[in-house]
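Quick notes on the structure that follows.
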Amino acid sequence: MPQAATRRGRPAAPLAGFLGRAAAGIGSLAVTVLGLLFVTFFIGRVMPIDPVLAVVGERASPEVYADARAALGLDQPLPVQFWYYLREVARGDFGMSLLTARPVIDDIARVFPATLELATLGVLIGVLIGVPLGVLAAVNRGRWVDQIARLVALVGYSMPIFWLGLIGLLVFYGILGWVGGPGRLDVFYDGLVPTVTGMILVDSALAGDWTVFSNALSHIILPASLLGYFSLAYISRMTRSFMLEALSAEYITTARVKGMSEWRVVWVHAFRNIRVQLLTVIVLSYANLLEGSVLTEIIFSWPGIGFYITNALLAADMNAVLGGTVVVGTIFIILNMVSDLLYKFFDPRAR
Amino acid sequence: MREWLLSDAPASRRQARLGRLYSGWLTFRENTLAMLGLGILVALVICAALAPWIAPHDPYVQDLATRLKPIGTPGHILGTDSLGRDILSRLIWGSRITLYIVTLVALIAPVVGLLVGTVAGYAGGLWDAVLMRITDIFLAFPRLVLALAFVAALGAGIENAVLAISLTAWPPYARLARAETLTIRNSDFISAIRLQGAGPVRIITRHIWPLCLSSLIVRVTLDMAGIILAAAGLGFLGLGAQPPSPEWGAMISEGRRFILDHWWVATVPGLAIFTVSLAFNLLGDGLRDVLDPKSGGSQ
């Protein structure tokens, strides 16, 4: 979790202060993304595949080889090459994918909605179950609810996600037949609804096609619950520790002394005060799900960005791997930063 | 012996140190779950050490006549895989690989983090700013995807998987070590040593590192579960240990094709991974209560 920097500063108007901090945040965002690009550039350099040979073939004459090398900019010094790389990335040009023979950026635009849909539903499940579980555990500290919540989280932290996915498929698809199998839809529903957002649940709802919607739902529910479980483990633990801190505050004692109902004390007084902290945790776990859905996507043949990167990797399609890494990494970094800024903007104590 | 260890007035430094260890052990022993975790890990180490003697079969020998035998088959308690190899034997040999990965990562990532963190914290100024900026950049990276990209560049294999995991795992240790260093740096005993003429290298290595160790150990133990899961994930994707190696993640990947008809081939190694990472989590929780009482309890 990123540290909430505590800087001393003059009290300023909240908006001006926020804008200043946002500018600083964008500055450090730029530095971090630059660092990411440097790492992917470096990886592209150290890899043992010669990009020139991939273009001209192994039997090219030295002149042809040298021309191609110059055309790719590989005869320039490394800093210049890095500058070229930055320029290409800024234009959204990650090169062509060997596997699909299309620009990497188009491929990513096509597969990304699938990951977004999966991660969004996953984090929703995690929040809807994790937050109440954490609050219950804090209110009943040390009692059986707390122990169960602890066990649930501990198992979540220790479970190999790809294995749980396999077992889930075996039980709920293979044996019970309750859910759809791998993939996003059954084959005969494919392409029935027009693509608007690329998220099938949204598209089919927009088109009013509820048969496709329910088929898509039966496919997404298992992988999304799985991802939801992993974010639940983290969210419920964090909720619990925030709530414990909030419940030990003096204003809670005051509220209790005034004779307020326990429900009101917990949800109106204590919970309201942890909303901001909780929001930052939720944004962080969202970022983690977007990134961490790689293994889940493989198990469920979910055609998202993790599936794309892994298949490209196994086919030694470096443009696709590095392009995917840059996109996922940048989103991850931005969400991290948003989580930090949210905290500073909404929580007066952090100003 | 017990009285000597728990004496209120230790006669030597060694007695005091051992006494503190012993009272820590007494607290730790109270924690049943942590002891369970420790027990599992000790069993794992024993399995790994005695693998050639306790494994009933050779983990690599294929026997197509006995392929895909279910759990409970005489001679193959946990069944056999698609090439007729005994799953129990492969699990036992695989424990060596798991320990190998865990040890390598535990030797690389915290050491790099400790070095970066203490230097940044002790030197301060420009060093601090630059080193912490780099740490923050690495901290903000997506770990699994970056590990994938590293392995893609370096080539699949267990050492490269370890390297990739370590490269993405060190930043939290650097932050931790820096925070500890900042609280130690201005204490009186450091000034005293400095007045005696100790140079920065000596101060960092002899006086700051030992004090950072306990919180670092707790953090490493708690992170081990995640590291095992990451390594198994890379193995599962075919980017870590390569077949026919009995690495547990790779075993799940091999069993994946038969999951609907022969569920045990993929299930058994998954249970092994789960058990070991659970053990590390339990042990880490227990160690935190003993070594680092400040942050204990509430988590």
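Computed from a predicted structure; not experimentally measured. Atom set for the values below is all heavy atoms of this structure, side chains included, hydrogens, waters and symmetry mates excluded. Chain letters run A, B, ... following the sequence lines, proteins first and then strands; every chain starts at 1.
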**Q.** A:L36 portion near chain B, given a 4.5 angstrom heavy-atom threshold
**A.** both
Q: Heavy-atom pairs under 4.5 Å with chain B are the metric here; pick the option from A:I305, A:I175, A:L154 that has the most.
A: A:L154
Q. Does anything in residues 221-259 of chain B pair up under ring pair (Phe, Tyr, Trp, His ring centres under 6.0 Å), and if so which pairs, sequence neighbours excluded?
A. A:F162-B:F236
**Q.** Interchain contact, B:I228 with chain A, by part (heavy-atom threshold 4.5 Å)
**A.** neither
Q. For A:I299, is it the side chain, the backbone, both or neither that has a heavy atom under 4.5 Å from a heavy atom of chain B?
A. both
(Q) Is it the case that atom OH in A:Y173 sees more than 12 heavy atoms from other parts of the structure closer than 6.0 Å? (A) no
**Q.** Interface moiety of A:V39 toward chain B, non-hydrogen atoms closer than 4.5 Å
**A.** side chain
Q | Inter-residue atom distance B:W263.CH2 - A:I167.CD1, 0.5 Å rounding | A | 8.5 Å
Q.
For A:L170, which atoms come within 4.5 Å of any heavy atom of chain B: side chain, backbone, both, or neither?
A. both
Q. Using a cut-off of under 4.5 Å for heavy-atom pairs, which of A:L169, A:T325, A:L164 has the most such pairs with chain B?
A. A:T325
Q) Is chain A contacted by the side chain of B:L33, its backbone, both, or neither, given a heavy-atom distance below 4.5 Å? A) side chain
Q: Could you please spell out the steps behind the side chain to side chain contact (heavy atoms under 4.5 Å, CB included) verdict for B:T267 and A:W163?
A: CA-CA 7 Å; B:T267 309; A:W163 179 73; 3.8 Å; yes
Q: Go through B:F274 and A:V155 one step at a time and tell me if the side chain to side chain contact (heavy atoms under 4.5 Å, CB included) criterion holds.
A: CA-CA 8 Å; B:F274 172 62; A:V155 170; 3.9 Å; yes
Q: Could you give me the CA-CA distance, side-chain angles and deciding distance for A:M159 and B:L229, then say whether side chain to side chain contact (heavy atoms under 4.5 Å, CB included) is met?
A: CA-CA 8 Å; A:M159 188 70 84; B:L229 295 182; over 6 Å; no
Q.
For B:F150, which atoms come within 4.5 Å of any heavy atom of chain A: side chain, backbone, both, or neither?
A. both
(Q) Rounded at 0.5 Å granularity, tell me how far CG in B:L237 sits from OG1 in A:T310. (A) 5.5 Å
Q) CG/B:D136 to CD1/A:I333 distance, rounded to the nearest 0.5 angstrom? A) 11.0 Å
Q: Heavy atoms only, distances under 4.5 angstrom: which of B:L271, B:V151, B:L239 has the most pairs with chain A? Name it, please.
A: B:L271
Q. What is the minimum heavy-atom distance between A:P160 and B:G270, and which atoms define it?
A. CG-O, 4.1 Å
Q) Looking only at heavy atoms, which two atoms of B:S277 and A:S158 are closest? And how far apart? A) OG-O, 2.6 Å
Q | Most chain A-contacting option - heavy-atom pairs closer than 4.5 Å, from B:A156, B:G233, B:A225 | A | B:G233
